[in-house]
Amino acid sequence: LSDLRHQLQYPDVAADVSTVLERLAPMEREVADQEGRWFLARVLPYRTSEDFIAGAVLTLVDITARKHAEQALAESEERVRMVIDAAREHAIISMDLDRRITGWNPGAEHMFRRREEDVVGTASDFIFTAEERADGVPEAEAATALAQGRACDERWHVRADGELLVRLTRAEDAPPVPPLDQVTAR
């Protein structure tokens, strides 16, 4: 294989073949060619019908479309992250199925006065009042989010200091929200 003429950017092909022949286990690697196409290079030991290892087999599968899709997805995710990070007037909080916080934008930091690194990975129930927690509101809101893909609410939420409460509203019928410095505790 080291004498094979190709345009792949795969300088380790001979080393990979040696490793496969030594370990008798297949190896896969994503490699590009000089024209920007991508391939999944798979090296396997070649076993004869007499159960003798007679060399290695190199197969190449064109994965260019997949690599382009991965790149487009990464760019799209970066654009969404930038929009969410720029939304400083709105708290955008994402959670997993166990109601643990997985995302906390700068708007949430401002509104709740809690830093992202302090809340990601923790249970989200702390943003609800004690009464709402006792009434099962966090669980009900999580069920709504699971069924409808989101859960916008209209209720009071607790800030980090426990004193000041913030009222959040549904986007589809939200009345004007007073500035945060005019919102008072119940």
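Along the sequence shown, residues carry numbers from 1.
Of the charged side-chain nitrogens involved, at least one lies within less than 4.0 Å of a carboxylate oxygen, so that R37 and D33 count as a salt-bridged pair. Between E139 and R99 there is a salt bridge, since a side-chain N of the basic residue sits under 4.0 Å from a carboxylate O of the acidic one. Contact check on E28 versus R42 returns a salt bridge, with a Lys/Arg side-chain nitrogen under 4.0 Å from an Asp/Glu carboxylate oxygen. The residues R81 and E77 are annotated as not salt-bridged, no charged nitrogen and carboxylate oxygen being separated by less than 4.0 angstrom.
Side-chain atoms of S76 do not come within 3.5 Å of backbone N or O of A72 as any donor-acceptor pair. Side chain of D135 to main chain of V137: no donor-acceptor pair is present (N/O by atom type, distance under 3.5 Å, no hydrogens or angles). Judged by distance alone, the side chain of T102 and the main-chain N or O of S94 form a donor-acceptor pair under 3.5 Å. In this structure a side-chain-to-backbone donor-acceptor pair under 3.5 Å is present from D96 to R100. Panel note: side chain T64, backbone W38; a donor-acceptor pair is recorded below 3.5 Å. E132 places a side-chain N or O within donor-acceptor distance of the main-chain N or O of T129, the cut-off being under 3.5 Å. Looking at N105, its side chain never comes within 3.5 Å of a backbone N or O of A91 through a donor-acceptor pair. No donor-acceptor pair under 3.5 Å is formed between the side chain of W104 and the backbone N or O of D118. A distance-only check finds no donor-acceptor pair linking the side chain of E116 to the backbone of P106 [under 3.5 Å].
Hydrophobic clustering keeps L40 apart from L44 (ILVMFWY residues linked when any side-chain heavy atoms are closer than 4.5 Å, directly or through intermediates). Taken together through direct or relayed side-chain contacts under 4.5 Å among Ile, Leu, Val, Met, Phe, Trp and Tyr, L60 and I63 form parts of separate hydrophobic clusters. M95 and I84 fall into different hydrophobic clusters, defined by Ile, Leu, Val, Met, Phe, Trp and Tyr side-chain heavy atoms under 4.5 Å apart, directly or through other members. A continuous path of ILVMFWY side-chain contacts below 4.5 Å connects F112 to V120, so both sit in one hydrophobic cluster.
Minimum interatomic distance between A56 and V43 (heavy atoms only, all atoms of both residues): CB-CG1, 4.1 Å. Among all heavy-atom pairs drawn from H110 and R159, the shortest one is O-NH2, 4.2 Å. Across P45 and P26, no two heavy atoms sit closer than the pair CD-N, 4.3 Å. The heavy-atom pair separating G55 from L21 by the smallest distance is O-CD2, 3.2 Å.
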Exercise for the section: Evaluate the criterion side chain to side chain contact (heavy atoms under 4.5 Å, CB included) for residue pair I101 and V119; output intermediate values, then yes/no. Expected result: CA-CA 7 Å; I101 295 171; V119 298; 4.0 Å; yes
Practice task
Would you check, one step at a time, whether the test side chain to side chain contact (heavy atoms under 4.5 Å, CB included) holds for D85 with V83?
Solution key: CA-CA 5 Å; D85 285 351; V83 168; over 6 Å; no
Practice task
Show your working on side chain to side chain contact (heavy atoms under 4.5 Å, CB included) between L24 and I53 and close with a plain yes or no.
Solution key: CA-CA 9 Å; L24 299 179; I53 302 300; 3.7 Å; yes
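Here the side chains of L8 and V13 are not in contact, with every heavy-atom distance at 4.5 Å or above. Within the 4.5 Å cutoff, side-chain heavy atoms of K67 are placed close to those of E30. With a 4.5 Å cut-off on side-chain heavy atoms, Q7 and E35 count as touching. Side-chain contact between R29 and Y10 is present, with at least one heavy-atom pair separated by less than 4.5 Å. No side-chain heavy atom of T144 sits less than 4.5 Å from a side-chain heavy atom of L146. In this structure the side chain of M27 reaches within 4.5 angstrom of the side chain of T19, judged on heavy atoms.
Within 6.0 Å of CG on L97 lie no more than 12 heavy atoms contributed by other residues, nucleotides or ligands.
Rounding to the nearest 0.5 angstrom, the gap separating the CD atom in E75 from the CD atom in E70 is 12.0 Å.
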